[in-house]
Amino acid sequence: MKFEYLIEGGDFIRAGHASSDIKKILNQLNLDPAIVRRIAVSMYEAEVNVVAHAFRGVMKVNINPERILVLVEDEGPGIPDIAQAMQEGYSTASDKVREMGFGAGMGLSNMKKNTDILDIHSAINRGTVVKMTTFTKSGAS
Amino acid sequence: MSSAFHHALKIEEEVCTGCTHCIQACPTEALRVKGGKARLIAERCVDCGECMRVCPVNAIKVEEDDFTKILDFEHRVAIVPSVFIGQFARNIATRKIYSGMLEEGFTHVYEAEHGSGILIDLINKYLADHPGTRPVISSFCPAIVRLIQVRFPSLVGNLMPFKAPLDLAAISFRKKLTEQEIPEKNVGVFYITPCAAKIAAVKSPVGEETSPFNGVINMNTLYSKVFSVIKREEKSFCIVPEKEQLLPEEMEWTLTGGEARHIHGRCLSIDGISNAIEFLERLENGTLGNFDFLEMRACDKSCAGGILSSTNRFLVSERLHKRAEQYYIDKGNGKIFNNKTITLYKDYVIANASLHDIEPRSIMKLDEDMVLAMKKMQKIQKIKGYLPGIDCAACGAPGCRALAEDVVQGRARTSDCVFVAIKVKGGETMSQVAEYTEEIWGRNRFKNMLPE
Ligand SMILES: Nc1ncnc2c1ncn2[C@@H]1O[C@H](COP(=O)(O)OP(=O)(O)OP(=O)(O)O)[C@@H](O)[C@H]1O
Ligand SMILES: [Mg+2]
C-alpha cells in the first residue's frame, strides 16, 4: 500500500499531518502499538525537518507486511555534513524556527533511535532524501 | 469476541426513538442504529456517558444495584466522593448529609478521598524511579483508562499503575472493620458513584483481580433519598459519630487540577473527553512537548460534571472550593477532628495499591492478520469513494467512513446509504430503497411522512 503527502516549507501549522494520518492507518493494520509509535515519532521529525529547513518536499510511505518504508524527498539547501548533523544538539535552525519551539538538534538522532534503518543522502543546494525502514516484527532487523 | 466488558450504560428500547444524536456524540463510534433503535457495540464502549448527555428522550440509563442490596450486609459502608457533598447547598452541614445517609440504611460513611495523600507520595516516587516513562498519565478516571486501551493502545504503558483514592479508602476501611473481628462476609462496601465508568470498573476491573467494592449506588439516587430525609426532618436528625474530616486538598481532589497540583515536575490537567483525545493524539504523534504528568478526566469539570450529578457542575466545584476554605476557619476555631484512620493502615494500603499491567485492546485494527487488514483497508478506501462524505448518519453509522468500515466488516451494506441507494443503484426501484431505510430506521418511522 502506498501513500503520498506533500510538505510545504515553513508551514508549521500542518506539520505532523502526514505522520498522524499514517499512525491511524498502521493502527488499523494491527501493527504492534510500540512500533506504530516509533514510526509516528520518526516520521514527524522528518516532516518537521522539511518544514524547518527545506523549501518543499514529498513524503512517500510504502507499507507491506514485512516492513514500513518512509521516503522523504525535499528540495532545499541540503545537508553539507551529515555526520555532524546527526549529532545530538547540532542545529542550524533559524531564530524563526526556534521561536516555533524547534531547533534543539534532536530530530535526526531521534529518527535514528526510532527506525531500524536510517539512510540519508543529500546534495548541496538541491535537496535531501531521507529513507527510513522499520520492520513490522521486532527482531526482524 | 465474547463480550467480557461490562457496561453500565443501557439503552432502553421502549424509550429510544432512534435518532442520531448519540451515535454522532460517541468518541469511540460504539453506537449504531438498527431496527429503529440505538445499539451498543460492547467492546468499543468506554462508559464515558457522552451518549447519555445528548439523548433528547432520556433513553440511555445507568444501570445500578438495587439499593436494598446494602441490607444483605450487617455492616454497610458508604464510600462517598466529595462531589456528593457538593450536590448540597453550603448551608447544609456535612454531618446532616451523613445523618441522612445513615437514616437511609448505611452504618458507616467514609469519604473516598482519604487515600489521596498516600497516592500522591506513590505517584511522586514512581515518577522519580521511572525517569524514562514520560509523561505518566493518571489512571484515576476509568473512562480515560478504557479510552486509552481502545483508541491509544501505544500509550497503555504511560498509565500510572496505581488504584484510585476511593479504592484505597475502601481497602483501609474494610481492613479496619475486619480487625474489629467482624467477619469479612458481613461487611458490604459500596461506592456512591458520580459516573457510569466507575460502575463498569467495579463490575469488570481493569488491572486488578477484584474490586474492593461489593456494589455501587448511583449518586443521583442517593441524593434524592438523602435530600428528602433532610427536608423532612428540618431540626432533629440522627447522631453522626464524631469523625475525621477531609483535608482541603482531599476535598478538591476530584475537581480539575486536584491531582496534578501535587505532582512534581511539569503537569497538565485536562478535562472533557474531546480535550483528552486531542492531547492523547498529540502525545502519540510525539508533538506534545515534554510533560511529566497528565491528569485527565473524561467529564467537563471532572467528577463535578459526572453524569450522575444532580447539581450543575459549576456549582458543585464552587461549593467544594468554598467548603475547602471553611476547613481553615474551622481549624482556627479548634473545630477540626483529624486523626486520619487511613494512616494507621498505611503499609497495608500501599501493599495493595498497585495495578497490574493494563492491556491494550485496540478497536481500530481491521483484522488480526496484517495482510487481511490491508485488503480490508483497500476495500474501505474504495467504498468511501462512493459515499457522499456528508456524514449524515442516515445509514445508522456515525459517518461515511464508519459505514465503509461496517460494510467491509460485514455489519452493513453500501446501499444502507440512501444516496447510494437512490443514485448509484439506479436499477433498483424506489420501494426497494424505502425498504432499506426501513430496516435501519424501523417500519413506523416514515409512515407519517406522506399525507393520507
Ligand atoms: N531536510 C533537511 N534539509 C536541510 N537541512 C537539514 C534537513 N534536515 C536536517 N537538516 C540539518 O541538520 C540539522 C540537525 O537536524 P535535527 O533534526 O537533528 O535538528 P533540528 O531540526 O535543528 O532541531 P529539532 O529537530 O530538535 O527541532 C538541522 O539543524 C539542519 O541544519
Ligand atoms: Mg529537526
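Below, chain A is the first sequence line, B the second, and so on; all start at residue 1.
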Task: Sidechain N-carboxylate O distance under 4.0 Å for Glu281(B), Lys23(A) - done: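 Salt bridge between Glu281(B) and Lys23(A), a charged N being under 4.0 Å from a carboxylate O: yes.
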
Task: Sidechain-backbone polar pair: Glu75(A) side chain, Ala54(A) backbone, donor-acceptor under 3.5 Å - done: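 No, the answer is negative, given that no donor and acceptor are paired below the 3.5 Å cut-off.
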
Open item on the list: Using only atom types and a distance under 3.5 Å, with no angle test, would you say the side chain of Arg413(B) pairs donor to acceptor with the backbone of Gly410(B)?
Closed with: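 Judged by distance alone, no pair lies under 3.5 Å.
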
Task: Interchain contact, Asn285(B) with chain A, by part (heavy-atom threshold 4.5 Å) - done: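 Its backbone and side chain both get close to chain A.
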
Open item on the list: Out of Ala34(A), Gly16(A), Pro65(A), Gly101(A), return the one with the most heavy atom pairs under 4.5 angstrom to chain B.
Closed with: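 Highest number of heavy-atom pairs under 4.5 Å: Pro65(A).
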
- [ ] For each of Ala15(A), Ser20(A), Ser19(A), tally heavy-atom pairs with chain B at distances under 4.5 Å, and name the one with the top tally.
- [x]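 Heavy-atom pairs under 4.5 Å are most numerous for Ser20(A).
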
- [ ] Counting only heavy atoms closer than 4.5 Å, note whether Ile39(A) contacts chain B via side chain, backbone, both or neither.
- [x]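 For Ile39(A), neither part sits under 4.5 Å from chain B.
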
Open item on the list: Quick check on Leu26(A) against chain B: is it the side chain, the backbone, both or neither that has a heavy atom closer than 4.5 Å?
Closed with: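 Answer is neither: Leu26(A) stays 4.5 Å or more from chain B.
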
Task: Geometric class of the Phe102(A)/Phe12(A) ring pair [parallel <30°, tilted 30-60°, perpendicular >60°] - done: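 Parallel.
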
Task: Selection from Val371(B), Asp367(B), Leu372(B) maximising heavy-atom pairs under 4.5 Å formed with chain A - done: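 Of the options given, most contacts go to Asp367(B).
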
- [ ] Could you check which of Gln378(B), Glu405(B), Gln381(B), Glu284(B) has the highest count of heavy-atom pairs closer than 4.5 Å to chain A?
- [x]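 The option with the most such pairs is Glu284(B).
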
Task: Arg67(A) NZ/CZ over Phe135(A) ring centroid, <6.0 Å and within 45° of normal - done: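 Output no; distance or angle outside limits.
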
Open item on the list: Just by distance, no angles: are the side chains of Gln28(A) and Lys376(B) close enough, under 3.5 Å, to form a donor-acceptor pair?
Closed with: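 Their side chains do not contain a donor-acceptor pair, so the 3.5 Å distance test is not met.
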
